[in-house]
Amino acid sequence: MPEGPEMVFLKEQAEQFIGQRVLEAKGAAKNIPYRILVEQELREIKTFGKEIFFCFQGFVLRVHLMLFGKYIFNEEINRELTLGVAFEDGEINFYASDCRVIQEPLSDVYDWTTDVLHPSFDAAKAQQNITRKPDQLICDALLDQTILAGVGNGIKNEVLFRAQIHPESVVGEIPDLQLKSLIRVCVTLSIEYLEWIREGTVPRPWQVYRQKECPRDRVPLRKARLGRPARSCYFCEVCQYLYLPDAL
DNA sequence: GGTTATGTTATTTC
DNA sequence: AGAAATAACATAAC
């Protein structure tokens, strides 16, 4: 569930509660001021990458779904509730999530120019940031949330396929134009992914992620755990070019 | 039943 | 000290 587009979709769903007061807040999450939340008015909802923020007067509730997180509206499921917040017209319940309170202004903590789904995303800056670690593998660079917030393992695999770049390519060896196009695809694919969610497209039309065959070459895809830490990569050895330093 | 997995952080190890 | 590996968290699908 938890790549950037999923969180933007959640924000769109939860925005129905803006302007409403909290009737009840409960859950197992630690360091949440449950009692203080009650009566507070939800002012705004924001996302940054895979995080969502419920903004109240003077503080922000931050939720990250991590790997197994789930949320459900107006219902509880038979599992330990991490955080449930009831508003005047409905409630939202989070499970297996990481929830925190942020006191500082969000703009002191987050830089939205790195969020691929934010209007102020700065592609040129992302390219500079990636190039700053020229020895890194591109499959790792794409998952760096300080460079491309919101890109997860699914988007990573799809983007590399579309840009025809092998996941084990060394960042410093990828030509500028290729890298630029790769970053652009991070944005366009994230937007497409958001559309799939909005339209309820299931299963997601992944081209390579969790797939068996290359849709371009009809060749079996390779699956390998690459990078640090090792993450699943699905790729085509025929059409995805491996950029490596010259041998010898 | 074992393995794997859309993610991040804390701890341990080198 | 600091980088890098490992564990931890918690859940469902294969």
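Note on naming: letters A, B, ... go to the chains in the order of the sequence lines (proteins, then strands), and numbering restarts at 1 for each one.
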Students often get this wrong, so: under 4.0 angstrom with heavy atoms, is A/Lys223 touching a base, only sugar-phosphate, or nothing? sugar-phosphate
Please give the distance between the P atoms of C/dA10 and B/dT11 as a whole number of Å. 15 Å
Check side chain to side chain contact (heavy atoms under 4.5 Å, CB included) between A/Pro205 and all other residues, then give those that pass, not counting sequence neighbours. A/Trp196, A/Thr201
Using Watson-Crick and G-U wobble pairs with both distances under 3.5 Å, what is the 5'-to-3' dot-bracket string of DNA chain B, with [ ] for crossing pairs and | for pairs outside the strand? .||||.||||||||
Applying ring-ring contact (aromatic ring centres under 6.0 Å, His included), run through A/Tyr243 and A/Tyr241 and close with a yes or a no. CA-CA 6 Å; A/Tyr243 296 97; A/Tyr241 191 82; 4.6 Å; yes
Could you check whether the rings of A/Tyr209 and A/Tyr234 sit parallel, tilted or perpendicular, using 30° and 60° as the cut-offs? perpendicular
If each of A/Ile77 and A/Arg228 is mapped to the nucleotide of DNA chain C with the nearest heavy atom, which maps nearer the 5' terminus, i.e. the 5' end? A/Arg228
Checking all strands, does A/Tyr95 fall into the base, sugar-phosphate, or nothing category for heavy-atom contacts under 4.0 angstrom? nothing
Does a sphere of radius 6.0 Å around CD1 in A/Ile36 hold more than 12 heavy atoms from other residues, nucleotides or ligands, not counting ones at 6.0 Å or beyond? no
A/Phe56 and A/Val22: CA distance, side-chain angles, deciding distance, side chain to side chain contact (heavy atoms under 4.5 Å, CB included) verdict: CA-CA 10 Å; A/Phe56 297 90; A/Val22 174; 3.7 Å; yes
A/Ala96 side-chain proximity, nearest of B/dT6, C/dA10, C/dA5: C/dA10
Using a cut-off of 4.0 Å on non-hydrogen atoms, how would the nucleic acid contact of A/Arg225 be classed: base, sugar-phosphate, or nothing? sugar-phosphate
Residues from residues 182-189 of chain A lying under 4.0 Å of DNA chain B - heavy atoms: none
Contacts of A/Tyr34 meeting ring-ring contact (aromatic ring centres under 6.0 Å, His included) (sequence neighbours excluded), chain-then-number -> none
Can you measure A/Tyr193 atom OH to B/dT6 atom P for me and round it to whole angstrom units? 11 Å
Scoring nucleotides 7-14 of chain B by protein non-hydrogen atoms under 4.0 Å (B base, S sugar-phosphate only, - none) yields BBS-----
Can you find a heavy atom in the side chain of A/Leu42 that is under 4.5 Å from one in the side chain of A/Gln20? no
Under 4.5 Å between side-chain heavy atoms, chaining through other members, with only Ile, Leu, Val, Met, Phe, Trp and Tyr counted: pull out the rest of the cluster around A/Leu81, sorted by chain and number. A/Ile72, A/Ile77, A/Tyr95
